[in-house]
K.L.:
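Following this message is one structure expressed as structure tokens.
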2 protein chains.
Amino acid sequence: MPITLEEIAKLSGVSRSTVSRVVNGHKRVREETRKKVQSVIDELNFQPNIAARSLAAGKTGIMGLVIPAGVSALFSDPYFPQLIQGISSACNKRDYSMMLWVDEPNYRLRTIRQLLYSGLLDGVIISSMLMDDPIIKSLYERHMPFVLIGRHTELNVNYIDVNNQAAANKATSFLIDCGYSRIATITGPINMIAGYDRYQGYCTALDQHGLALNDSLIAEGDFTEVGGYNTMKQLIPHNPDSVFIANDTMAMGALRALHEAGLRVPDDIGVIGFDDSPIASLTTPPLTTMRQSPYDMGFKAVNTLIEIINNQGRSPQQIVLESELVIRESCQRKEFAKEAI
Amino acid sequence: MPITLEEIAKLSGVSRSTVSRVVNGHKRVREETRKKVQSVIDELNFQPNIAARSLAAGKTGIMGLVIPAGVSALFSDPYFPQLIQGISSACNKRDYSMMLWVDEPNYRLRTIRQLLYSGLLDGVIISSMLMDDPIIKSLYERHMPFVLIGRHTELNVNYIDVNNQAAANKATSFLIDCGYSRIATITGPINMIAGYDRYQGYCTALDQHGLALNDSLIAEGDFTEVGGYNTMKQLIPHNPDSVFIANDTMAMGALRALHEAGLRVPDDIGVIGFDDSPIASLTTPPLTTMRQSPYDMGFKAVNTLIEIINNQGRSPQQIVLESELVIRESCQRKEFAKEAI
DNA sequence: TTTCATTGTGGGAGCGCTCTCATACATTCT
DNA sequence: AGAATGTATGAGAGCGCTCCCACAATGAAA
């Protein structure tokens, strides 16, 4: 049987209103009274009923997180666990709670309804959806406070992203600096913004260095290990001397394919990944990659969302994080090692 | 501005009560009335306010999921993503929603309070905590409906687990059947029930086959890749001819250590893992392992929890799933291949 | 016809909280 | 001293829903 405000009030000899003030840290309470009430609260482990509070105040202290189920990378890539960890950590710090929806296509309508109309959520964080995801449009139209993980092309909305184009450009340029010139790429799904942007960065880097795009050296992957493996096998016959791969998980698969094909990394072929996921330093050879931090993105997304909730009039804000090149051994040919640094 | 029952009532020319009946699928409504009301509901996309419903009915349709943050394996192991996916999928199917807490020690008190006293949750699923986790005791004492992922030794509570001891026994016995005899093990953390049970299974298998336990061949890991790598390095000087490793992620690390040491798998040393995680078939050589399905565990946990919620008097029920041996190449020495099958 | 279930519908209380407003009291200024 | 200000507290309404009870309408049984 849960305890109510009223009971705390009775036990500490004040009114319900005063207890409410103490719980919510209002100023207009005498220090003496506050202490008395607080001690009763602590003793009984009182926690206000969220439903009642929510009903009365129109706020719940709960935010939603939506991650896609379609992405099979969800299983094998540490991206989402780290993102969730960052969000969860920030929620704890800011005294929010989190509801999680794994967006299965079959239950999409249910998800949207709950996000928008149940009144349970103060705001929503949406992660890495397809570019034209209808959920985003729904949230936008209903004026539900939300922030995207990953930028959005059409709508002027709040988002947090890494500078994928610049980072991919840097990665590709690094391969060129290392002395490679027949540079392939394994992209992510092109209908995901991160996949698209990293591909664009690859293109601009080649262009800036006067290298021509070569369709036979470009192949679309799906962010999974097996995808990386298969796509690499497809690329090998076209004799790339290096390859920029849009995430580390696919890079693992690509390394496996190269190993099987008897190609030595980095001497026969240079490899650079993206993410600096925990496995990047553990591959053979250790993987050079662009570092991003899903944990930080999650953490910042929460703080941004809370700002939005508290100031609904605010104009949308875009946060773009920088990505850092982490040099290991997968694209450092002996003869170029010095110049590249 | 969300829509209320009252507005639906007005628009369809009936009372609030009748609309409520329609929404909740009560019988005592004339078919004609039901249709009329339903059409208004559909048209306006009406979704009942969960807070109000919860306050009035004492049920929320929300369950909590608590996973530990301490386990750094959270980042690199697909176990939790799969578990979450299973839970989420079952929640969708059963029309429940899920709140997620990553249990950070700093915020433990907050977490417990919210789980128990906020009135938000109909029940809780707790995953893979330490054996003596205080959260479990709190839930138990407060009679909060909950189910554990992983068995509990002291309390008679609802749980779902794999038969870790039997599975570890089978794995170890398989190494013996393959002709190995100097069998090492890398255990999980012994203060986690899964770590403990898999270690026990290893011991009983040796015992049943008349092999002596050898302390220098037993080392405790932490379920991470790096942990597996370091622990394997520690074991190599004692010349095991095979090793049972308590999860696949550590097995990956161990394979890396063996590769660096110039030992060939399976000819110099046999390796068997646990989980059949997605990477198991992708290692070199592909990993023989015991298959378990965190997805299924999550899915079943939800169904069990809902039963408990609907029938609080029910006596606790323990579900133990079987684990299946998946034979690949990491412990099949050429000369024994035939006999082992 | 009268009686009694049975079915469909509406009205009202109340879940536990927040928030506005009223009130009691203390303090300062003229 | 009286008025004006400020501070601490209480009372009451109401958030949107469910659930119980009342009651009307229908049909079956006596």
K.L.:
So does A:Ser17 get a side-chain nitrogen or oxygen closer than 4.0 Å to the phosphate oxygens (OP1/OP2) of D:dG10?
P.N.:
no
K.L.:
Which pairs count as side-chain hydrogen bond (donor to acceptor under 3.5 Å, both in side chains) when at least one residue sits in residues 143-154 of chain A, sequence neighbours excluded?
P.N.:
A:Arg151-A:Asp197
K.L.:
Check whether the side chains of B:Gln317 and B:Thr304 place a donor and an acceptor atom closer than 3.5 Å, and report yes or no.
P.N.:
no
K.L.:
Could you work out which one of C:dT18, C:dT9, D:dG10 sits closest to the side chain of A:Arg21?
P.N.:
D:dG10
K.L.:
Enter the inter-axis angle for the ends of the helix from C:dT1-D:dA30 to C:dT30-D:dA1 (five pairs per end, rounded to 10°).
P.N.:
50°
K.L.:
Report the C-alpha distance between B:Asn92 and A:Glu104 in whole Å, list the side-chain angles of each, state the deciding distance to 0.1 Å, and finish with yes or no for side-chain hydrogen bond (donor to acceptor under 3.5 Å, both in side chains).
P.N.:
CA-CA 9 Å; B:Asn92 270 334; A:Glu104 299 178 283; 2.8 Å; yes
K.L.:
Give the residues of residues 45-53 of chain B touching DNA chain C, defined as any heavy atom closer than 4.0 Å, sorted by residue number.
P.N.:
none
K.L.:
Without placing hydrogens or testing angles, list every side-chain donor-acceptor pair under 3.5 Å for residues 53-67 of chain A, not counting sequence neighbours.
P.N.:
{"unit_1": "A:Arg53", "atom_1": "NH2", "unit_2": "A:Asn24", "atom_2": "OD1", "d": "3.3"}
{"unit_1": "A:Thr60", "atom_1": "OG1", "unit_2": "A:Ile62", "atom_2": "N", "d": "3.1"}
{"unit_1": "A:Thr60", "atom_1": "OG1", "unit_2": "A:Leu120", "atom_2": "O", "d": "2.7"}
{"unit_1": "A:Thr60", "atom_1": "OG1", "unit_2": "A:Asp122", "atom_2": "OD1", "d": "3.2"}

K.L.:
Pair A:Gln38, A:Asp42 - check side-chain hydrogen bond (donor to acceptor under 3.5 Å, both in side chains), show working.
P.N.:
CA-CA 6 Å; A:Gln38 188 63 51; A:Asp42 290 341; 3.1 Å; yes
K.L.:
Any salt bridge (charged side-chain N to carboxylate O under 4.0 Å, His left out) involving residues 108-117 of chain A? Give me the pairs, sequence neighbours left out, ordered by first then second residue.
P.N.:
A:Asp103-A:Arg108, A:Arg108-A:Asp133, A:Arg110-B:Asp95
K.L.:
Would you say A:Thr18 reaches D:dG10's phosphate, i.e. side-chain N/O to OP1/OP2 under 4.0 Å?
P.N.:
yes
K.L.:
Counting only non-hydrogen atoms, which of residues 22-31 of chain A are less than 4.0 Å from DNA chain C?
P.N.:
A:Asn24
K.L.:
Does B:Ser20 place a side-chain N or O at less than 4.0 Å from the phosphate oxygens OP1/OP2 of D:dT18?
P.N.:
yes
K.L.:
Between A:Ser39 (side chain) and A:Lys36 (backbone), is there a donor-acceptor pair under 3.5 Å?
P.N.:
yes
K.L.:
Does any donor-acceptor pair link the side chain of B:Arg16 with the base of D:dT18 at a separation under 3.5 Å?
P.N.:
yes
K.L.:
Does a side-chain N or O of B:Thr4 approach OP1 or OP2 of D:dG16 to a distance below 4.0 Å, or not?
P.N.:
no
